[in-house]
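So the structure is just underneath, and the comments pick up after that.
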There are 2 protein chains.
Amino acid sequence: MLSERQMMILRAVVRDFTNTGVPVGSKALAKQLPIHVSSATIRNEMAALEEQGLIKKTHSSSGRIPSVEGYRYYVDHLVKPDPLRPNDIDVIQSSLGGDFHKIDEIISQSATILSNLTSYTAFTLKPELKDSRLSGFRLVPLGKRQIMAILVTDSGDVENQTFDVAGDVDGEQLEAVVRLINDQLVGLTLPEVLKKLQAEIPAQIANYLQSPQGFLDIFGDVLTRAAQERFYVGGRLNLLNFSQDSDVDSLKSLYSLIDKTDDIASVLGQPSDKISVRIGNEMTNDALRNFSLITATYDVDQHGQGMIAILGPTRMPYSRMLGIVGAFREELAKKLLDYYRFYDE
Amino acid sequence: MLSERQMMILRAVVRDFTNTGVPVGSKALAKQLPIHVSSATIRNEMAALEEQGLIKKTHSSSGRIPSVEGYRYYVDHLVKPDPLRPNDIDVIQSSLGGDFHKIDEIISQSATILSNLTSYTAFTLKPELKDSRLSGFRLVPLGKRQIMAILVTDSGDVENQTFDVAGDVDGEQLEAVVRLINDQLVGLTLPEVLKKLQAEIPAQIANYLQSPQGFLDIFGDVLTRAAQERFYVGGRLNLLNFSQDSDVDSLKSLYSLIDKTDDIASVLGQPSDKISVRIGNEMTNDALRNFSLITATYDVDQHGQGMIAILGPTRMPYSRMLGIVGAFREELAKKLLDYYRFYDE
DNA sequence: TTTAGCACTCAAACTAATCAAGTGCTAAGA
DNA sequence: TCTTAGCACTTGATTAGTTTGAGTGCTAAA
């Protein structure tokens, strides 16, 4: 559809605009492009590109900026991920080099690294098996009136919560409840557990506890949290950099968005094995109209698939960002493989 | 030092300015004040107030706004806390009315309530005994390679952390370590524990574990966290409302400030039993130059003393805010007393 | 197909003019 | 001695008008 020359121009428009933020005009392009044609020719080509909806003007006599469709074409056909800068490699190596005692530390640290590399906001999700199953449940008495409920899944997730109980803690009762849970529910997927929890369990538990509701609440809480994907977020504050015309309201809705696990999960969407770029209003969420989201999955063999993502202004240098995300997913997968190898074998 | 009339004028200037944000002029005051003098008289009085540094002009022919000293005088001598609005009472009652299973839920909820009432940012700190002591330590094996460390203090704080260990978990070893900790350290204050942890403990632990360092790290982590005061923050996003001229940098430093426990602890300062107001640059921290902080302590009998605080623009309606903070501290203390009574007796 | 040339558009930056709110000061009155 | 009417003056905000510069589309010729 596009001639070679048009592609070259589109690429240059995106490059220039993402670097400088200023609409680019025909003269600047004529000077800069490797081919040697006059600005009038460029203008004609630009008119053609505009015709196809790939670039647009900010006002009738301005230079051009890419439209969402233009970015899309650029990302799909024209961009080549930049190789990492030596400096970036150092950052990754040193930040991911240390000793970690749990997966979550690595994942959370990764969000920070990614946000540092990009100076945008980053999200990371740890590798997950598709349907993780309940693998254990404990109630640990902590003191006079305090109990900690601990729930473990077969993918190694741990959720816990302490709560207070009135009256003395009866060790017998606790044991019985724990046994009940472990007998009836271990091995089921979390949604299945949740279903049973609403169906037969309450009646059974009533045999052991005089006031089962409190316990069911707690267990439900912990379970729900375990069932939720837990994103780590790095560089939250970087969003402030792009609050064009300091629109406090949209900033607020943006922040409430990224702080709600469910919302952010739905925005990040399904894992797919390639790197995906979503641009501006390609995301249905209105708060993200001026943002782009790059997501990528990473595989850690039998331990499942995780996800990393960065959220920045639509006007981001895609080639560099794609380079960073692409390289980082591999580094992270490698690091996690090492980690699992160390602790599993 | 100030005449009655001057006080009246200062009070009116602060009231007007905090309500409208517009510098107030002599004419408006003359119309509004209960005494009946001309604007020229008011002007003379204002000149006197300015002489004393209590009010100032934004430019040579503008109306007056209070200076930090003016706010201070107002807060110290002129303000009378507003009674709560019926609506506010409802909010408190309904948000604090539900059932809670742990102190922290009440405290964290309180931060949210306070921020809702004030539309500023609120901090809450749970009641603390002066030197809380280690009252228990557990290591709970969770799965193949996972262990959870749990630390409990005598004031009911619980900190926990999971970590992975290489090689099989040896129940014997864990028991021995737990016994060691409980024998040697329970009953000590946390700083004392920390000191011992660096002195004699490592050698002793080396008897039971082949690689004690990992364990010591974890234990140190959990301990440090337990020793830190944990503030709950409500209404973070409200800070965005006051980012005058949308200065991204100062906003960023503000946010990094309130997210660092140690920093915010030092800003909030020592508990004192009255309600305290710190205004603008009375706080040394530069990021807070345009903010005021109202802190108040609350007592829960033998369970110690907690703190609540709100952070808003220097230009805040102090009478209303003082009313809210004063009323809320009492509501909270009452609620907590009930809570303790229910679970303790 | 390319390009020089030209008329045209528009945002941004600057200037000038006006307005409204407020001040300080002076001199007269109570 | 305190109060006040009156007045000259200052200042930020608003508005309208100009200028500038970067850019465009279009036409006609190469």
Side-chain angles (χ1 to χ4, degrees), chain A residues 1-10 12-17 19-67 70 244-246 315, chain B residues 1-10 12-17 19-67 70 244-246 315:
Chain A
M1 201 86 113
L2 295 191
S3 69
E4 276 302 318
R5 195 165 63 184
Q6 287 171 337
M7 290 188 193
M8 178 185 291
I9 290 175
L10 176 57
V13 169
V14 175
R15 280 260 182 85
D16 267 29
F17 182 66
N19 285 333
T20 67
V22 178
V24 326
S26 54
K27 228 165 176 176
L29 285 180
K31 210 174 290 173
Q32 175 199 133
L33 287 179
I35 57 174
H36 137 122
V37 289
S38 78
S39 67
T41 307
I42 305 272
R43 275 204 290 286
N44 290 333
E45 296 286 36
M46 285 172 102
L49 287 171
E50 184 163 16
E51 185 76 14
Q52 302 189 50
L54 297 174
I55 59 181
K56 61 188 178 185
K57 295 185 264 193
T58 60
H59 61 86
S60 81
S61 74
S62 78
R64 304 306 212 294
I65 66 174
S67 66
Q244 62 259 348
D245 61 69
S246 76
R315 191 216 116 192
Chain B
M1 203 84 114
L2 295 190
S3 69
E4 277 302 318
R5 195 166 65 185
Q6 286 171 339
M7 290 188 193
M8 179 186 289
I9 290 175
L10 176 57
V13 168
V14 174
R15 281 260 181 86
D16 266 31
F17 182 66
N19 285 331
T20 67
V22 178
V24 327
S26 54
K27 228 168 179 173
L29 285 180
K31 210 172 291 172
Q32 176 200 132
L33 287 180
I35 57 172
H36 143 114
V37 289
S38 77
S39 66
T41 307
I42 305 272
R43 275 204 291 286
N44 291 334
E45 296 286 38
M46 286 172 101
L49 287 170
E50 183 162 18
E51 185 75 16
Q52 302 189 48
L54 297 174
I55 58 180
K56 60 187 180 187
K57 297 183 262 193
T58 61
H59 61 86
S60 81
S61 75
S62 77
R64 305 304 211 296
I65 66 174
S67 67
Q244 62 261 349
D245 61 68
S246 74
R315 193 216 113 191

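Letters A, B, ... mirror the listed sequences (proteins, then strands); counts begin at 1.
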Mind listing the N/O atom pairs, protein and nucleotides 7-10 of chain D, below 3.5 Å?
{"from": "D/dT10", "atom 1": "O3'", "to": "B/S60", "atom 2": "OG", "distance (Å)": "2.9"}
{"from": "D/dT10", "atom 1": "O2", "to": "B/S61", "atom 2": "OG", "distance (Å)": "2.5"}

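- Using a 4.0 Å cut-off, some side-chain N or O of A/R64 falls inside it from OP1 or OP2 of D/dT24.
- Atom NZ in A/K27 sits roughly 12 Å away from atom P in D/dG21 (whole-Å rounding).
- Side-chain contact check for B/L54 versus B/V13: every heavy-atom pair is 4.5 Å or farther apart.
- Atoms CD (B/E50) and C1' (C/dG24) sit 11 Å apart, rounded to a whole Å.
- Taking both residues in full, the closest heavy atoms of B/S26 and B/S39 are given as CB-O, 3.6 Å, listed atom of the first, atom of the second, then distance.
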Between side-chain atoms of residues 44-52 of chain A and protein atoms elsewhere (two or more places apart, or another chain), which donor-acceptor pairs fall under 3.5 Å?
{"from": "A/E45", "atom 1": "OE1", "to": "A/Q6", "atom 2": "NE2", "distance (Å)": "3.2"}
{"from": "A/E45", "atom 1": "OE2", "to": "A/R5", "atom 2": "NE", "distance (Å)": "2.7"}
{"from": "A/E45", "atom 1": "OE2", "to": "A/R5", "atom 2": "NH2", "distance (Å)": "2.8"}
{"from": "A/E50", "atom 1": "OE1", "to": "A/R64", "atom 2": "NE", "distance (Å)": "3.0"}
{"from": "A/E50", "atom 1": "OE1", "to": "A/R64", "atom 2": "NH2", "distance (Å)": "2.7"}

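- Contact check, A/S26 against D/dT24: a side-chain N or O comes under 4.0 Å of OP1 or OP2.
- Taking 4.5 Å as the limit, every side-chain heavy atom of B/I9 sits out of range of all side-chain heavy atoms of B/I55.
- Scanning both residues, A/A30 and A/S38, for their nearest heavy atoms gives CB-C, 4.2 Å.
- For the pair A/I65 and A/F17, the tightest heavy-atom approach, listed with the atom from each and the gap, is CG2-CE1, 3.5 Å.
- For the pair B/E45 CD and C/dT23 C1', the interatomic distance rounds to 16 Å; values are reported in whole Å.
- Residue A/K57 is classed as a sugar-phosphate contact, given heavy-atom separations below 4.0 Å to backbone atoms only.
- Scanning for side-chain contact (heavy atoms from CB on, under 4.5 Å) contacts around A/H36 gives an empty result, with sequence neighbours left out.
- Every side-chain contact (heavy atoms from CB on, under 4.5 Å) that A/S61 has, sequence neighbours left out, goes to A/H59.
- When the P atom of C/dT3 is taken as reference, atom CG of A/N44 falls 10 Å away, rounded to whole Å.
- The nearest pair of heavy atoms linking A/P23 to A/T58 is CG-CG2, 4.1 Å.
- Enclosure of atom NZ in B/K57 by more than 12 non-hydrogen atoms of other residues, nucleotides or ligands within 6.0 angstrom is indicated.
- The nearest whole Å value for the distance from the CG atom in A/L49 to the C1' atom in D/dG25 is 16 Å.
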Which protein N or O atoms sit under 3.5 Å from an N or O of nucleotides 28-30 of chain D?
none

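- Closest heavy-atom contact between A/L10 and A/G70: CD2-O, 4.3 Å.
- The interatomic distance linking B/H36 (NE2) with D/dC2 (C1') rounds to 15 Å, in whole Å.
- What separates NZ of B/K56 from P of C/dG22 is a distance of 18 Å, to the nearest Å.
- A/R5 has its CZ atom 8 Å from the C1' atom of C/dT2, to the nearest Å.
- From one end of the helix from C/dT1-D/dA30 to C/dA30-D/dT1 to the other, with five pairs defining each end axis, the axis direction shifts by 20° (rounded to 10°).
- Distances from the side chain of A/A40 to the nucleotides C/dG24, C/dT23, C/dT3 place C/dT3 closest.
- The two residues A/D16 and A/Q32 make their nearest non-hydrogen contact at OD2-NE2, 3.0 Å.
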